[in-house]
Colleague: 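Input: one structure, supplied below.
Side-chain atoms are counted along with the backbone in the values below, which use heavy atoms only and exclude waters and symmetry mates. First listed ligand is number 1; within each ligand, the first listed atom is number 1. Residue numbers start at 1 and run along the sequence shown.
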Amino acid sequence: MLAEQLREHDHRYYILDDPQLSDAQYDRLRAELESLEAAHPELISPDSPTQRVGAPASTSFAPVTHHQPMQSLANCFSAQELADFIARIGKTLGRMPSLSAEPKYDGLAVSLVYRDGVLHCGATRGDGRVGEDVTNNLRTLSTVPLRLREAEPLPLVEVRGEVVMPRDGFVALNQRLAEAGLKTFVNPRNAAAGALRQLDSRITAQRPLQFFAYALGSAQGLTEQRPELRTHQQLMQLLADWGFCVSERLGACASIEACLDYYAQTLADRDALNFDIDGVVYKVDDLGLREELGEVARAPRWAIAHKFPAQEATTRLREVEFQVGRTGALTPVARLEPVFVGGVTVSNATLHNIDELRRKDLHLGDQVVVRRAGDVIPEVVRSLPEQRSATATAIELPTHCPVCGSAVERTEGEAVARCSGGFRCSAQRAESLKHFASRRAMDIDGLGDKLIEALVEHDWLKDPADIYRLDQSRLAQLPRMAEKSATNLIAAIERSKHTTLARLLYALGIREVGEVTAAQLADSFGALEPILAADAERLREVPDVGEIVAARILEFFADPRNRQLLEQLQTLGVSWPAPAKTRQDGVLRGKLFVITGTLEGMSRDQAKAKIIAAGGRVSSALSSKTDFLLAGEKAGSKLAKAEKLGVPVLSQAAFEQLLVSD
Ligand code: IVH
């Protein structure tokens with residue numbers, strides 16, 4: 001039967017993640033069923049795969065009494081509390097039973113009633129006894145089987161599980177809502193709840209929801225039919241066989257250590273999952289033992305949720321301070337009433353930039369939601385304006401730098417506001433110096449952040465050249481600076497004098513010039529002087545250097561203070577010898593190459609190295625300035641363009657010939 005086939009393909013696609021048909025083949029099959037059903041509406045069965053599309057608006061949800069109440073779970077938050085739980089059940093049973101472990105989904109619990117294997121009703125948890133009938137909405141989920149894959153279905157079974165919204169779907173949904181000017185959801189859980197409680201299930205059908213099964217409620221005749229079913233692990237397998245998604249991370253724990261390992265591993269993987277979880281659930285694996293343990297206060301004694309530290313917490317925004325970075329950028333930092341979140345006490349959180357402050361509608365004194373996920377820097381997610389007091393005040397962008405008092409400038413269209421003080425601003429000075437001395441720049445071991453701040457404070461460091469003017473005996477006078485460390489520092493400074501052009505360029509802290517661009521500049525020019533002499537067009541021949549980067553480089557070297565700095569560094573003994581591979585007198589001296597196509601026995605990078613070694617240069621952009629196009633196999637559009645521009649084309653053989661003559 002067509003409906004049967006389609007159901008099988010749905011299962012392979014949505015549950016097993018292993019489709020047999022192409023999308024087109026599937027669509028054809030589905031269209032066939034739809035036209036058949038259109039011609040014979042009397043043949044449409046409620047479990048037909050076409051019956052997921054959603055039904056028009058209803059006015060409210062009917063109450064549904066669960067056949068077996070939906071229980072809640074006891075929580076624990078520490079290893080000690082977990083040990084108490086295990087000790088309790090151990091005492092009742094006279095031994096430690098094996099526990100099954102699985103993630104605790106942060107979604108909405110639902111109960112699906114199947115009568116003779118066909119989805120009959122789907123309901124929310126409600127108060128545990130009576131929930132709301134959201135069958136029409138649940139039908140739209142591809143992970144909710146409309147019919148169980150079971151030859152001898154039970155007359156009645158309640159399948160319990162959680163509806164979640166995957167994170168990627170949540171992000172996409174919020175983006176769509178924002179674009180349409182609609183209110184966005186705070187988190188995937190709220191979005192899932194909103195979707196499940198839609199009165200128009202056609203809307204639910206458009207929301208990405210997923211159902212995970214983790215328990216049974218009432219299951220008439222199950223023990224008679226399957227006496228061999230004794231454990232939770234077997235039950236999960238049965239649910240998977242019936243066509244449900246179950247956790248891929250089901251664990252078995254025979255000891256408290258094993259539980260804690262499972263917890264730690266799941267916590268570590270938390271951010272990598274595509275849906276939110278807020279802990280793990282341990283359950284006594286043996287279904288018979290569960291009977292013995294029973295329940296207390298509507299929660300089973302045989303299970304416990306071990307919660308993760310909450311990733312979000314509410315606290316008061318005391319103050320917003322503006323930190324000044326290396327390039328003068330002002331970053332607002334929230335000073336918070338200390339709050340325990342994500343496993344640590346947080347009292348500062350980043351706010352990124354001033355636009356973010358506006359977007360999040362923050363006022364001083366507001367109650368705010370703070371989030372710390374994994375090792376990520378804590379951030380302020382949003383304010384709770386409904387709790388705003390009359391004394392809360394708006395946050396203004398300072399007109400003057402909080403450190404040096406220079407005017408704050410903001411370029412139209414840029415999110416970042418900057419202090420205009422440059423090196424006159426001690427914050428910018430300190431940050432620039434930290435960058436200059438850092439490992440990947442001049443690599444001055446022992447010249448750390450705190451020391452730099454102290455030296456800037458003392459006015460001993462006004463610019464990077466001053467580092468090479470530091471005097472050992474004066475250094476040794478600094479608090480917490482022993483004779484030995486002063487000696488070591490001076491030695492490290494001395495060592496840093498022999499550097500490379502790439503490191504120097506990076507250390508200068510030219511805006512937009514990171515490590516990679518610095519290395520490419522060094523590669524392409526071979527020495528500092530030609531960089532100082534280059535115009536924008538020449539700079540743009542360097543890979544990754546576009547209009548903006550070229551402008552920043554020109555701007556930097558046009559500033560007489562920067563040129564002076566370079567002279568002083570040289571006078572103080574800092575040197576950056578030209579890389580040995582650059583040959584000022586090579587055969588290809590001054591020649592500009594573009595490489596295209598596949599070369600034999602050599603990568604493009606290797607060809608580039610050969611060109612540079614012979615004194616030439618390589619660019620990715622072909623123009624009338626190009627001297628040669630080196631064209632390998634399968635050269636594409638560049639070949640035609642070179643011919644049009646009159647740029648000579650070199651074959652690989654001709655190129656190698658040229659190099660031999662060197
Ligand atoms: S088992 C009584 N397993 O957590 C046993 N519940 O805080 C039935 N939950 O109401 C629940 N993930 O909605 C179980 N893997 C999981 C779960 C889970 C999330 C929910 C469930 C329950 C709530 C209690």
Colleague: Would the distance check show the side chain of Q220 and the main-chain N or O of L154 forming a donor-acceptor pair, the cut-off being under 3.5 Å?
Modeller: no
Colleague: Any idea which of Q71, E102, M70, E162 brings a heavy atom closest to atom 13 (O) of ligand 1?
Modeller: E162
Colleague: Taking E81 for the side chain and S78 for the main chain, is one N or O donor matched with an acceptor at less than 3.5 Å?
Modeller: yes
Colleague: Using a strict cut-off of less than 4.0 Å between a Lys/Arg side-chain nitrogen and an Asp/Glu carboxylate oxygen, indicate whether E379 and R372 qualify as a salt bridge.
Modeller: no
Colleague: Relative to atom 11 (C) of ligand 1, which among F212, Y105, Y214 owns the nearest non-hydrogen atom?
Modeller: Y214
Colleague: Can a donor-acceptor pair be found, under 3.5 Å and without considering hydrogens, that links the side chain of Y114 to the backbone of P145?
Modeller: yes
Colleague: Run the contact test for A299 against ligand 1 with a 4.0 Å cut-off on heavy atoms, strictly below, and give the result.
Modeller: no
Colleague: Going by the order shown, which atoms of ligand 1 are within less than 4.0 Å of some heavy atom of P300?
Modeller: 2 (C)
Colleague: Are a donor atom and an acceptor atom from the side chains of T204 and N137 found within less than 3.5 Å of each other?
Modeller: yes
Colleague: Less than 4.0 Å between a side-chain N and a carboxylate O, is that true for E102 and R249?
Modeller: no
Colleague: Could you tell me whether L73 approaches ligand 1 through its side chain, its backbone, both or neither, with non-hydrogen atoms closer than 4.0 Å?
Modeller: both
Colleague: So, does K283 sit close enough to ligand 1 that a heavy atom of it is under 4.0 Å from the ligand?
Modeller: yes
Colleague: Among all the protein's non-hydrogen atoms, which is closest to atom 23 (C) of ligand 1, and how far away is it?
Modeller: K104 NZ, 3.9 Å
